[in-house]
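Atoms within a ligand are numbered from 1 in the order they appear, just like the ligands themselves.
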Amino acid sequence: MLKIVDYDVLIIGSGASGLTVALQLTSKLQIAIFSKGELTESSTLYAQGGIAVALDEADSTELHIVDTLNAGDGLCDPSTVRFVVENAKKAIDKLIDYGVEFTRSEVLNNELSYHLTREGGHSHRRIIHADDATGFEVETKLVEKIRKMSNISIYENYIAIDLVCEKGRCVGVYVLDLNSGTVILFRANVVILATGGVSNVYLYSSNPDICTGDGIAMAWRAGCRVANLEFMQFHPTCLFHPMAKSFLISEAIRGEGGKLLLPNGERFMQRFDSREELAPRDVVARAIDHEMKRLKIEYVYLDISHRTSEFIISHFPMIYAKCLELGIDITCQPMSVVPAAHYTCGGIVVDKHGRTDLLGLYAIGEVSFTGLHGANRMASNSLLECLVYGAAVAADIMKNFPELSMNSNISISNENWTINSNKYKFSHKLNDLRRLMWDYVGIVRSNKWLEQAQHHVDVLNTEMLTYYKGSNIFYISSDFLELRNLILVADLIIRSAIARHESRGLHYNTDYPHIGNKILSKNTILFPKNY
Ligand code: FAD
Ligand code: SIN
């Protein structure tokens, strides 16, 4: 008999977005928060550069808005951009209240101020940070707080399988408890997807393994629209080293003067953009990809060694230590770097309150599509979006909770879940998929490659479905569930890329090398069959 557990609110995901909404909901609500692995394991934990906020005297929210719109290449929703940017200071103050410690700058006019770093696309120093490990500071401080809340139950090592919906509203989630190997039905008035992005659909990714697009896949299967999934962001500089699994080298290194070099020591960014190393990410990643293909080289170099050792070690202690562990002393040597999949700009369509197409279902953070990022996310705007929308979702739930209440009398279908981790081995299929996406749906695309990718993903999808369901029995394991979601989201990415007949922002197709009409350009919105 299926076990059933009831709460007021279920939050799937414990990164910056999930933790923010949990902390900002009233303590009168009984809340459950789920994570696939340990509570802290998330993209948030690994964030390096920081959070964008206009604090410098020479800067302003208006300039932050203009830079975000420029980076988004004509596809940002200006009202969303304004909403997020205008709430940035408040969101940072809240983090400081929670005990997050950001790096201070020297005493100026006897006043302590925060050190602001610079990243691509930003016209000013605007990134508040905790050295080069901002995510670690934010995630661990928020988790410390969550663990003290008596109204919040924590479910670590629980993987959400699918949403449960009845009459157009979301009423719960089937979850696999990886500790005991059992499936539980969690029911609630409100379900929030805060599951992060899907960058692990690519062979090389800066993301932790948990980023497999589960939230996007669950929402799509439940009948929600998704948008702009062709805009997958590749971070220009991940360490190229056999012992480092796509370790990120923060854009802040370039912000503080780091230069990109070819093997002969020549700089090349000036040939691609007047902003050189501080051009937006799409431009820098494509330039590196172009040079690597032109010269048939496996990586380029990033060099900051012209700055003093003291400066490098004090500003980038984590990157310095990690590189040193691998035998690279960045105070006197360049690093070998390559682009890797980093951020999912598209996602589940939500409104200004984080509401999805299904009553009772919200989405926040990287899993969502709010219109903030347009065709290319500007660096350090992502954590900001998690914080601002986390607060907005909490406010909306508290305002509307009476209407969101329901009698939890969901009829339980006759499903028979069978945990079957050993029966099928899926790792070769996962490798096939990730290699396919890297080669055919990567930084540079073409119609032919996209069609081939579509064909291969269709085949993988058919195979998966036959493994998954035999009569009423669902064969599941965590790697199987993740692969099923990755295949589905790969399909959505490819369909979105095929639908865009232009090159814009992060989407570059050699068959349509030019940008379309800026005014007429639209978001790519996919509608599920049962929409
Ligand atoms: P995440 O932090 O990824 O959390 C996802 C959560 O969902 C996890 O708890 C996971 O366990 C859970 N989950 C997923 N699927 C399931 C499931 N099926 N069942 C149960 N739980 C599930 N952005 C910035 O703004 N500034 C930066 O400096 C920055 N640096 C970055 C550096 C790196 C290396 C990376 C990878 C990203 C960086 N980003 C940065 C991007 C930013 O970190 C992420 O976009 C942001 O942290 C996403 O937060 P989130 O809450 O949406 O998801
Ligand atoms: C970085 O530090 O380069 C990552 C910043 C981001 O992805 O926003």
Side-chain angles (χ1 to χ4, degrees), residues 10-21 32-53 117 119-122 127-130 132-136 138-139 142-143 155-163 173-176 178 192-200 205-218 233 235-238 246-255 281 284 316 318-319 340-345 347 363-368 373 377-387 389-390 478 481-482 485:
L10 305 176
I11 303 174
I12 320 295
S14 57
S17 57
L19 296 173
T20 300
V21 72
I33 187 160
F34 298 85
S35 63
K36 267 203 264 190
E38 280 180 32
L39 200 61
T40 50
E41 184 62 0
S42 56
S43 284
T44 303
L45 186 73
Y46 300 97
Q48 295 185 359
I51 308 175
V53 55
T117 191
E119 290 182 329
H122 293 272
I127 321 296
I128 192 165
H129 60 103
D132 56 352
T134 310
F136 185 87
V138 170
E139 179 74 20
L142 296 188
V143 161
Y155 290 91
E156 285 175 280
N157 302 309
Y158 281 69
I159 177 167
I161 306 168
D162 261 319
L163 300 169
V173 186
Y174 286 115
V175 180
L176 170 60
L178 297 168
I192 303 169
L193 292 171
T195 48
V198 65
S199 290
N200 279 309
S205 157
S206 67
N207 288 197
D209 292 344
I210 52 109
C211 298
T212 51
D214 300 0
I216 297 175
M218 285 190 277
Q233 184 172 73
H235 195 290
T237 57
C238 285
S246 297
F247 175 69
L248 190 83
I249 305 295
S250 177
E251 193 155 329
I253 292 253
R254 280 174 282 132
R281 275 187 195 162
V284 182
F316 304 107
M318 197 260 298
I319 296 174
H342 181 63
Y343 186 81
T344 311
C345 289
I364 25 169
E366 196 169 333
V367 73
S368 67
H373 307 305
R377 173 180 70 102
M378 191 164 67
S380 290
N381 265 350
S382 164
L383 286 173
L384 180 59
E385 185 187 45
C386 293
L387 304 173
Y389 271 87
S478 60
L481 291 170
E482 290 182 343
N485 292 333

Are [X] and [Y] close enough that some pair of their side-chain heavy atoms sits under 4.5 Å apart?
| X | Y | answer |
| --- | --- | --- |
| Val138 | Leu19 | no |
| Glu251 | Thr237 | no |
| Ile192 | Ile12 | no |
| Val198 | Thr212 | no |

Please could you name the atoms of ligand 1 that [X] approaches to less than 4.0 Å, counting only its heavy atoms?
| X | answer |
| --- | --- |
| Tyr343 | 45 (O) |
| Tyr158 | 19 (N), 20 (C) |
| Arg377 | 23 (N), 24 (C), 25 (O) |
| Ala194 | 5 (C), 6 (C), 7 (O) |
| Gly49 | 28 (O) |
| Ile159 | 18 (N), 19 (N) |
| Ser17 | 50 (P), 51 (O), 52 (O) |
| Gly365 | 52 (O) |

Considering all heavy atoms of both residues, which atom of [X] and which atom of [Y] are nearest to each other, and what is their separation?
| X | Y | value |
| --- | --- | --- |
| Ala340 | Cys238 | CB-SG, 3.6 Å |
| Val21 | Gly18 | CG1-O, 3.2 Å |
| Gly49 | Thr134 | O-OG1, 3.6 Å |
| Gly37 | Ser35 | O-OG, 2.9 Å |
| Ala52 | Asn381 | CB-OD1, 3.5 Å |

Among all the protein's non-hydrogen atoms, which is closest to [atom], and how far away is it?
| atom | value |
| --- | --- |
| atom 36 (C) of ligand 1 | Asn207 ND2, 3.2 Å |
| atom 44 (C) of ligand 1 | Glu366 OE1, 3.3 Å |
| atom 41 (C) of ligand 1 | Ser382 OG, 3.8 Å |
| atom 29 (C) of ligand 1 | Ala47 CB, 3.5 Å |
| atom 47 (O) of ligand 1 | Thr44 OG1, 2.8 Å |
| atom 15 (N) of ligand 1 | Lys36 CE, 3.2 Å |

statement: Of Gln233, Glu139, His342, Met378, the residue with the heavy atom nearest atom 38 (C) of ligand 1 is His342

Using a 4.0 Å heavy-atom cut-off, which part of [X] comes near ligand 1: side chain, backbone, both, or neither?
| X | result |
| --- | --- |
| Thr195 | both |
| Ser250 | neither |
| Leu248 | side chain |
| Glu41 | backbone |
| Glu156 | neither |

Just checking, any donor-acceptor pair under 3.5 angstrom between side chains of [X] and [Y]?
| X | Y | result |
| --- | --- | --- |
| Asn207 | Asn200 | no |
| Glu139 | Thr40 | no |
| His342 | Ser206 | yes |

query: Phe34 pairs by side chain to side chain contact (heavy atoms under 4.5 Å, CB included) with which of Leu39, Val173, Leu10, Ile11?
result: Leu10

Using a plain distance cutoff, I'd like to know if [X] has any nitrogen or oxygen under 3.5 Å from a nitrogen or oxygen of ligand 1.
| X | answer |
| --- | --- |
| Glu119 | no |
| Cys211 | no |
| Ser43 | yes |
| Ile364 | no |
| Ser206 | no |
| Tyr46 | no |

Test side chain to side chain donor-acceptor pair (under 3.5 Å) applied to Tyr343 and Arg281, His373, Glu366, the passing residue: His373

4.0 Å heavy-atom contact, [X] with ligand 1:
| X | result |
| --- | --- |
| Ile210 | yes |
| Glu385 | no |
| Val367 | no |
| Gly135 | no |
| Thr134 | no |

message: Checking Glu119 against Ser380 for the side chain to side chain donor-acceptor pair (under 3.5 Å) test, could you report, in this order, the C-alpha distance in whole Å, the side-chain angles of both residues, the deciding distance, and whether it holds?
response: CA-CA 8 Å; Glu119 290 182 329; Ser380 290; 2.6 Å; yes

- prompt: Name the residues in contact with ligand 2, where contact means a heavy atom under 4.0 Å away: which are they?
  reply: Gln48, Gly49, Glu119, His235, Leu248, Ser250, Glu251, Arg281, His342, Arg377, Ala379, Ser380

Chi angles and distances behind the side-chain contact (heavy atoms from CB on, under 4.5 Å) call for Phe247, Gln48: CA-CA 11 Å; Phe247 175 69; Gln48 295 185 359; 3.9 Å; yes

task: Could you tell me whether Lys36 and Glu41 make a salt bridge, using a distance below 4.0 angstrom between a side-chain N and a carboxylate O?
output: no

query: Is there a side-chain contact (heavy atoms from CB on, under 4.5 Å) between Ile159 and Glu482 once you walk through the steps?
result: CA-CA 9 Å; Ile159 177 167; Glu482 290 182 343; 4.2 Å; yes

